[in-house]
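Residue numbering restarts at 1 for every chain, and letters A, B, ... go by the order of the sequence lines.
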Amino acid sequence: MPELPEVETVRRGLAPHLEGARLVRVVQNRADLRFPLPPDFVHRLTGATVIRLTRRAKYLLAELSTGETLVAHLGMTGRFMVGERQPGAFHHPAGDDPKHTHLVFETAPPDGGGGRIAYNDARRFGYMDLIRTDALINHPYFKGLGPEPLGPDFTPKGLASAFTGKRTSIKAALLDQRVVAGLGNIYVSEALHRAHIGPERLAETLKPSEIKRLVTEVQAVLTEAIAAGGSTLQDFRAADGELGYFQHRFRVYDREDEPCPNPKCTGVIRRIVQTGRSTFFCAKCQR
DNA sequence: CCCACGACCTGTGGGC
DNA sequence: TGCCCACAGGTCGTGG
(Lines give C-alpha, C1' and ligand atoms only; values in the text may rest on other atoms or scores of the structure.)
Protein backbone atom coordinates (compact mmCIF):
# COMPACT_ATOMS: atom_id res chain seq x y z
CA MET A 1 0.00 0.00 0.00
CA PRO A 2 2.55 2.10 0.72
CA GLU A 3 1.07 5.43 -0.17
CA LEU A 4 2.41 8.69 1.15
CA PRO A 5 1.29 8.25 4.79
CA GLU A 6 2.75 4.76 5.04
CA VAL A 7 6.03 5.82 3.47
CA GLU A 8 6.19 8.76 5.85
CA THR A 9 5.51 6.41 8.76
CA VAL A 10 8.29 4.13 7.59
CA ARG A 11 10.58 7.15 7.33
CA ARG A 12 9.81 8.23 10.87
CA GLY A 13 10.33 4.71 12.15
CA LEU A 14 13.65 4.28 10.37
CA ALA A 15 15.10 7.73 10.93
CA PRO A 16 16.21 7.22 14.57
CA HIS A 17 18.04 4.06 13.51
CA LEU A 18 19.61 5.43 10.34
CA GLU A 19 20.38 9.10 10.70
CA GLY A 20 23.95 9.47 11.82
CA ALA A 21 24.52 5.73 11.52
CA ARG A 22 27.24 4.13 9.48
CA LEU A 23 26.48 1.19 7.22
CA VAL A 24 29.09 -1.27 8.39
CA ARG A 25 27.90 -4.19 6.29
CA VAL A 26 25.38 -4.59 3.49
CA VAL A 27 24.13 -7.97 2.34
CA GLN A 28 22.55 -8.22 -1.10
CA ASN A 29 20.69 -11.46 -1.73
CA ARG A 30 19.75 -10.97 -5.36
CA ALA A 31 20.76 -8.87 -8.33
CA ASP A 32 17.42 -7.20 -8.94
CA LEU A 33 14.22 -6.00 -7.34
CA ARG A 34 11.87 -4.51 -9.88
CA PHE A 35 14.95 -3.28 -11.73
CA PRO A 36 18.56 -4.37 -11.41
CA LEU A 37 20.25 -2.88 -8.37
CA PRO A 38 22.93 -0.42 -9.49
CA PRO A 39 26.50 -1.60 -10.17
CA ASP A 40 28.68 -2.08 -7.09
CA PHE A 41 25.66 -1.45 -4.89
CA VAL A 42 27.11 -3.06 -1.77
CA HIS A 43 30.51 -1.49 -2.27
CA ARG A 44 29.10 2.01 -2.73
CA LEU A 45 27.06 1.71 0.47
CA THR A 46 29.53 0.03 2.76
CA GLY A 47 31.20 2.47 5.14
CA ALA A 48 28.87 5.33 4.23
CA THR A 49 27.14 7.33 6.93
CA VAL A 50 23.48 8.25 6.50
CA ILE A 51 23.25 12.00 6.92
CA ARG A 52 19.47 12.19 6.85
CA LEU A 53 16.42 10.28 5.76
CA THR A 54 13.78 12.21 3.83
CA ARG A 55 10.81 11.50 1.61
CA ARG A 56 9.56 12.76 -1.74
CA ALA A 57 6.16 11.45 -2.81
CA LYS A 58 6.40 7.68 -2.18
CA TYR A 59 10.20 7.61 -2.33
CA LEU A 60 12.50 7.33 0.67
CA LEU A 61 15.80 9.17 0.29
CA ALA A 62 18.83 8.34 2.43
CA GLU A 63 21.43 11.01 1.87
CA LEU A 64 24.88 9.52 2.30
CA SER A 65 28.25 10.91 3.29
CA THR A 66 29.62 9.70 -0.05
CA GLY A 67 27.78 12.30 -2.11
CA GLU A 68 25.23 9.76 -3.26
CA THR A 69 21.65 9.26 -2.11
CA LEU A 70 20.07 5.87 -1.68
CA VAL A 71 16.62 6.07 -3.27
CA ALA A 72 14.04 3.46 -2.27
CA HIS A 73 10.52 2.86 -3.54
CA LEU A 74 8.50 0.20 -1.74
CA GLY A 75 6.23 -0.77 -4.63
CA MET A 76 3.29 -2.78 -3.29
CA THR A 77 4.86 -5.06 -0.70
CA GLY A 78 8.21 -3.56 0.15
CA ARG A 79 8.84 -3.29 3.89
CA PHE A 80 11.72 -2.48 6.16
CA MET A 81 12.19 -4.43 9.36
CA VAL A 82 14.13 -2.80 12.19
CA GLY A 83 15.27 -5.84 14.07
CA GLU A 84 11.98 -7.65 14.68
CA ARG A 85 9.81 -4.61 14.26
CA GLN A 86 8.12 -3.14 11.24
CA PRO A 87 7.42 0.56 11.19
CA GLY A 88 4.28 1.18 9.14
CA ALA A 89 1.80 -1.67 8.96
CA PHE A 90 -0.10 -2.18 5.74
CA HIS A 91 -3.77 -2.72 5.11
CA HIS A 92 -3.51 -6.13 3.51
CA PRO A 93 -1.26 -8.25 5.65
CA ALA A 94 1.62 -9.83 3.82
CA GLY A 95 4.02 -12.34 5.22
CA ASP A 96 7.61 -11.48 5.79
CA ASP A 97 8.92 -14.81 4.58
CA PRO A 98 12.70 -14.57 4.89
CA LYS A 99 13.05 -15.87 1.36
CA HIS A 100 11.89 -12.42 0.27
CA THR A 101 14.42 -10.58 2.40
CA HIS A 102 16.52 -9.15 -0.39
CA LEU A 103 18.78 -6.74 1.47
CA VAL A 104 20.17 -6.40 4.98
CA PHE A 105 21.85 -3.26 6.29
CA GLU A 106 23.96 -3.65 9.40
CA THR A 107 24.37 -0.31 11.09
CA ALA A 108 26.60 1.28 13.67
CA PRO A 109 24.46 3.99 15.25
CA PRO A 110 26.25 7.07 16.61
CA ASP A 111 25.22 6.25 20.17
CA GLY A 112 26.88 2.85 20.01
CA GLY A 113 25.57 -0.65 19.65
CA GLY A 114 24.60 -2.20 16.37
CA GLY A 115 21.47 -2.48 14.31
CA ARG A 116 19.98 -4.59 11.59
CA ILE A 117 17.57 -3.22 9.03
CA ALA A 118 16.20 -5.68 6.49
CA TYR A 119 14.31 -5.01 3.28
CA ASN A 120 11.66 -7.60 2.46
CA ASP A 121 9.52 -7.45 -0.69
CA ALA A 122 7.50 -10.46 -1.79
CA ARG A 123 6.29 -9.10 -5.11
CA ARG A 124 9.47 -7.19 -5.87
CA PHE A 125 7.69 -4.17 -7.30
CA GLY A 126 9.93 -2.03 -5.16
CA TYR A 127 13.27 -0.69 -6.33
CA MET A 128 16.39 1.01 -5.10
CA ASP A 129 18.98 3.14 -6.77
CA LEU A 130 22.03 5.23 -5.96
CA ILE A 131 22.01 8.72 -7.44
CA ARG A 132 24.43 11.62 -7.04
CA THR A 133 22.78 13.84 -4.46
CA ASP A 134 23.39 16.97 -6.51
CA ALA A 135 21.64 15.38 -9.50
CA LEU A 136 18.52 14.20 -7.69
CA ILE A 137 16.09 16.87 -8.74
CA ASN A 138 16.81 16.36 -12.41
CA HIS A 139 16.62 12.61 -12.23
CA PRO A 140 13.75 11.00 -14.17
CA TYR A 141 12.33 9.52 -10.95
CA PHE A 142 11.63 13.00 -9.63
CA LYS A 143 11.57 15.35 -12.54
CA GLY A 144 7.95 14.85 -13.56
CA LEU A 145 6.45 14.54 -10.10
CA GLY A 146 3.65 16.88 -9.13
CA PRO A 147 3.53 18.81 -5.86
CA GLU A 148 3.67 17.25 -2.43
CA PRO A 149 0.04 17.20 -1.28
CA LEU A 150 1.05 18.47 2.16
CA GLY A 151 3.39 21.11 0.79
CA PRO A 152 2.83 24.74 -0.19
CA ASP A 153 2.53 24.02 -3.92
CA PHE A 154 -0.60 21.91 -3.65
CA THR A 155 -3.23 24.57 -4.11
CA PRO A 156 -6.74 24.76 -5.59
CA LYS A 157 -5.39 26.99 -8.32
CA GLY A 158 -2.61 24.60 -9.24
CA LEU A 159 -4.91 21.61 -9.16
CA ALA A 160 -7.46 23.38 -11.33
CA SER A 161 -4.75 24.05 -13.85
CA ALA A 162 -3.67 20.41 -13.83
CA PHE A 163 -7.29 19.37 -14.44
CA THR A 164 -7.80 21.67 -17.40
CA GLY A 165 -8.38 19.53 -20.46
CA LYS A 166 -8.09 16.32 -18.41
CA ARG A 167 -10.69 14.10 -20.00
CA THR A 168 -10.17 11.30 -17.56
CA SER A 169 -11.95 10.42 -14.35
CA ILE A 170 -11.10 12.37 -11.23
CA LYS A 171 -10.10 9.01 -9.73
CA ALA A 172 -7.48 8.40 -12.41
CA ALA A 173 -6.35 12.03 -12.35
CA LEU A 174 -5.57 11.90 -8.64
CA LEU A 175 -3.62 8.67 -9.08
CA ASP A 176 -1.46 10.40 -11.69
CA GLN A 177 1.75 11.26 -9.84
CA ARG A 178 2.36 14.19 -12.22
CA VAL A 179 -0.81 15.85 -10.94
CA VAL A 180 -0.11 15.36 -7.24
CA ALA A 181 2.59 13.09 -5.88
CA GLY A 182 1.92 10.52 -3.19
CA LEU A 183 -1.71 9.54 -3.40
CA GLY A 184 -2.57 5.93 -4.14
CA ASN A 185 -5.65 3.81 -4.55
CA ILE A 186 -6.81 3.93 -0.94
CA TYR A 187 -6.49 7.61 -0.20
CA VAL A 188 -8.00 8.68 -3.50
CA SER A 189 -11.20 6.81 -2.61
CA GLU A 190 -11.07 8.29 0.88
CA ALA A 191 -10.49 11.86 -0.26
CA LEU A 192 -13.23 11.75 -2.90
CA HIS A 193 -15.70 10.44 -0.37
CA ARG A 194 -14.83 13.14 2.12
CA ALA A 195 -15.14 15.78 -0.60
CA HIS A 196 -18.49 14.34 -1.79
CA ILE A 197 -17.20 14.03 -5.34
CA GLY A 198 -18.15 11.08 -7.54
CA PRO A 199 -15.09 9.13 -8.74
CA GLU A 200 -16.33 8.89 -12.31
CA ARG A 201 -16.60 12.62 -12.84
CA LEU A 202 -14.27 13.88 -15.54
CA ALA A 203 -11.47 15.88 -13.95
CA GLU A 204 -12.06 18.89 -16.18
CA THR A 205 -15.66 19.18 -15.01
CA LEU A 206 -14.88 19.93 -11.36
CA LYS A 207 -15.99 23.36 -10.23
CA PRO A 208 -13.58 25.63 -8.33
CA SER A 209 -15.54 25.10 -5.13
CA GLU A 210 -15.21 21.34 -5.52
CA ILE A 211 -11.50 21.55 -6.21
CA LYS A 212 -11.05 23.65 -3.12
CA ARG A 213 -12.89 21.10 -1.03
CA LEU A 214 -10.87 18.33 -2.60
CA VAL A 215 -7.56 19.98 -1.68
CA THR A 216 -8.77 20.38 1.89
CA GLU A 217 -9.88 16.77 2.17
CA VAL A 218 -6.73 15.33 0.58
CA GLN A 219 -4.68 17.24 3.12
CA ALA A 220 -6.95 16.19 5.98
CA VAL A 221 -6.99 12.49 5.22
CA LEU A 222 -3.22 12.33 4.71
CA THR A 223 -2.54 14.30 7.87
CA GLU A 224 -4.82 12.06 9.91
CA ALA A 225 -3.26 8.91 8.47
CA ILE A 226 0.26 10.11 9.22
CA ALA A 227 -0.78 10.98 12.76
CA ALA A 228 -2.29 7.51 13.19
CA GLY A 229 0.87 5.92 11.86
CA GLY A 230 3.05 8.03 14.08
CA SER A 231 1.11 7.07 17.15
CA THR A 232 1.79 3.41 16.48
CA LEU A 233 5.50 4.02 16.35
CA GLN A 234 5.60 4.74 20.06
CA ASP A 235 4.07 1.52 21.24
CA PHE A 236 6.10 -0.50 18.89
CA ARG A 237 6.42 -3.40 21.27
CA ALA A 238 6.74 -6.86 19.87
CA ALA A 239 3.14 -8.04 20.10
CA ASP A 240 1.24 -5.36 18.24
CA GLY A 241 3.05 -5.50 14.94
CA GLU A 242 0.13 -6.80 12.94
CA LEU A 243 -2.54 -4.40 14.10
CA GLY A 244 -3.72 -2.79 10.89
CA TYR A 245 -4.02 0.67 12.25
CA PHE A 246 -5.13 2.20 9.01
CA GLN A 247 -7.81 -0.35 8.45
CA HIS A 248 -10.43 0.94 10.83
CA ARG A 249 -9.68 4.48 9.80
CA PHE A 250 -10.85 3.99 6.24
CA ARG A 251 -14.34 5.29 5.64
CA VAL A 252 -14.98 3.59 2.30
CA TYR A 253 -11.93 1.64 1.15
CA ASP A 254 -12.59 -2.12 1.29
CA ARG A 255 -16.07 -1.47 2.71
CA GLU A 256 -18.30 -2.61 -0.13
CA ASP A 257 -21.94 -3.10 0.97
CA GLU A 258 -21.44 -1.31 4.27
CA PRO A 259 -23.54 1.73 5.10
CA CYS A 260 -22.11 5.07 4.11
CA PRO A 261 -20.28 6.49 7.14
CA ASN A 262 -21.54 9.98 6.38
CA PRO A 263 -24.05 10.51 9.23
CA LYS A 264 -26.35 12.50 6.97
CA CYS A 265 -26.42 9.82 4.30
CA THR A 266 -28.37 6.57 4.01
CA GLY A 267 -26.37 5.25 1.08
CA VAL A 268 -24.33 2.07 0.77
CA ILE A 269 -20.71 1.79 -0.28
CA ARG A 270 -20.23 0.39 -3.75
CA ARG A 271 -17.15 -1.01 -5.47
CA ILE A 272 -16.44 -0.33 -9.12
CA VAL A 273 -13.34 -0.86 -11.25
CA GLN A 274 -11.71 2.14 -12.89
CA THR A 275 -8.63 1.76 -15.06
CA GLY A 276 -8.14 -1.66 -13.58
CA ARG A 277 -8.29 -0.65 -9.93
CA SER A 278 -11.03 -0.86 -7.32
CA THR A 279 -12.81 2.32 -6.36
CA PHE A 280 -15.05 2.48 -3.29
CA PHE A 281 -17.65 5.21 -3.03
CA CYS A 282 -21.16 6.19 -2.05
CA ALA A 283 -23.27 7.02 -5.09
CA LYS A 284 -25.72 8.90 -2.89
CA CYS A 285 -23.56 11.53 -1.25
CA GLN A 286 -20.78 11.68 -3.82
CA ARG A 287 -21.71 13.57 -6.94
C1' DC B 1 0.61 14.22 -26.08
C1' DC B 2 -3.35 11.68 -23.90
C1' DC B 3 -5.46 7.68 -22.13
C1' DA B 4 -6.57 2.67 -21.19
C1' DC B 5 -4.64 -1.61 -20.64
C1' DG B 6 -1.53 -5.39 -19.84
C1' DA B 7 2.63 -6.67 -17.61
C1' DC B 8 5.63 -7.24 -13.82
C1' DC B 9 5.56 -11.03 -9.25
C1' DT B 10 3.97 -13.53 -5.23
C1' DG B 11 0.58 -14.51 -1.87
C1' DT B 12 -4.05 -15.00 -0.04
C1' DG B 13 -8.84 -15.78 0.29
C1' DG B 14 -13.27 -17.17 -1.63
C1' DG B 15 -16.11 -20.33 -4.25
C1' DC B 16 -16.89 -24.86 -5.75
C1' DT C 1 -8.62 -30.72 1.23
C1' DG C 2 -7.53 -29.02 -3.33
C1' DC C 3 -7.90 -26.28 -7.39
C1' DC C 4 -8.74 -22.14 -9.85
C1' DC C 5 -9.76 -17.51 -10.23
C1' DA C 6 -9.85 -12.81 -8.61
C1' DC C 7 -7.55 -9.47 -6.36
C1' DA C 8 -3.83 -6.81 -3.59
C1' DG C 9 -0.44 -0.67 -1.36
C1' DG C 10 2.44 0.88 -7.73
C1' DT C 11 4.32 2.14 -11.98
C1' DC C 12 6.05 1.33 -16.67
C1' DG C 13 5.80 0.32 -21.60
C1' DT C 14 2.83 -0.27 -25.46
C1' DG C 15 -0.57 0.77 -28.67
C1' DG C 16 -4.83 3.01 -30.06
- Item | Separation of B:dG14 C1' from A:Asp254 CG (nearest whole Å) | 14 Å
- A:Glu204 CD to B:dC1 P, straight-line distance once rounded to whole Å: 19 Å
- Kindly say if A:Lys99 contacts the phosphate of B:dG11, meaning a side-chain N or O under 4.0 Å from OP1 or OP2. yes
- Query: Any sub-3.5 Å donor-acceptor pair from A:Glu3's side-chain atoms to A:Gly184's backbone N or O?
  - Reply: yes
- Note on the structure: Winner on side-chain proximity to A:Ser278, out of C:dA8, B:dC3, C:dT11, is C:dA8
- Task: Considering just the side-chain nitrogens and oxygens of A:Arg124, establish if one lies under 4.0 Å of OP1 or OP2 belonging to B:dT10.
- Result: yes
- Message: Need the pair for B:dT12. Rule: Watson-Crick or G-U wobble, both distances under 3.5 Å, any strand; none if unpaired.
- Response: C:dA6
- Message: In this structure, how many angstroms lie between the P atom of B:dA7 and the CZ atom of A:Phe35, rounded?
- Response: 17 Å
- Query: Within the structure, does a side-chain N or O atom of A:Lys58 lie under 4.0 Å from either OP1 or OP2 of C:dT11?
  - Reply: yes
- Task: Between C:dC12, B:dC3, C:dA8, spot the one nearest the side chain of A:Arg271, thanks.
- Result: C:dA8
- Go through the N and O atoms of the side chain of A:Arg123 and the base of C:dA8, and report whether any donor-acceptor pair is under 3.5 Å. yes
- Quick one: label A:Gly184 by what it contacts on the DNA or RNA (base, sugar-phosphate, nothing), any heavy atom closer than 4.0 Å. sugar-phosphate
- Task: Pick out which of A:Lys171, A:Arg271, A:Glu200, A:Arg270 makes a side chain to side chain donor-acceptor pair (under 3.5 Å) with A:Thr279.
- Result: A:Lys171
- Query: Atom CG of A:Asn120 and atom C1' of B:dT10: how far apart are they, to the nearest Å?
  - Reply: 11 Å
- Counting only Watson-Crick or G-U wobble pairs whose two distances fall under 3.5 Å, which nucleotide matches B:dC1? none
- Query: Are any of A:Gln177's side-chain N or O atoms less than 4.0 Å away from OP1 or OP2 of C:dT11?
  - Reply: yes
- Task: Would you please confirm or rule out a distance under 4.0 Å between OP1 or OP2 of C:dT11 and any side-chain N or O of A:His73?
- Result: yes
- Query: Out of C:dG10, B:dG11, C:dA8, which nucleotide sits closest to the side chain of A:Glu3?
  - Reply: C:dG10
- Query: Quick one: A:Leu175 CG to C:dG10 P, roughly how many Å, whole number?
  - Reply: 7 Å
- Message: Counting the atoms with a prime plus P, OP1 and OP2 as sugar-phosphate, which does A:Tyr127 contact under 4.0 Å by heavy atoms, base, sugar-phosphate, or nothing?
- Response: sugar-phosphate
- Taking atom C1' of C:dC7 as reference, at what distance in whole Å does atom CD of A:Gln274 sit? 17 Å
- Under 6.0 Å between the ring centres of A:Phe250 and A:Phe280? no
- A:Arg178 CZ - C:dG10 P separation (whole Å): 16 Å
- When you check the phosphate oxygens OP1 and OP2 of B:dG11, does a side-chain N or O of A:His100 lie under 4.0 Å from one of them? yes
- Does a side-chain N or O from A:Arg34 land closer than 4.0 Å to OP1 or OP2 of C:dC12, or not? no
- Hey, is A:Phe125 doing a stacking thing with B:dC8, by the 5.5 Å centroid and 30° angle criteria? yes
- Message: Strictly distance-based, threshold 3.5 Å: is any side-chain N or O of A:Gln177 a donor or acceptor partner for the main-chain N or O of A:Gly182?
- Response: yes
- Query: Using a distance-only test with no angle check, is there a side-chain donor-acceptor pair under 3.5 angstrom linking A:Tyr127 and A:Asp129?
  - Reply: no
- Item | A:Lys166, nearest nucleotide to its side chain (from C:dC12, C:dC7, B:dC3) | B:dC3
- Message: So A:Arg277, base contact, sugar-phosphate only, or nothing? Heavy-atom distance under 4.0 Å.
- Response: base
- Query: OP1, OP2 of B:dA4 versus side-chain N and O of A:Thr168: anything below 4.0 Å?
  - Reply: yes
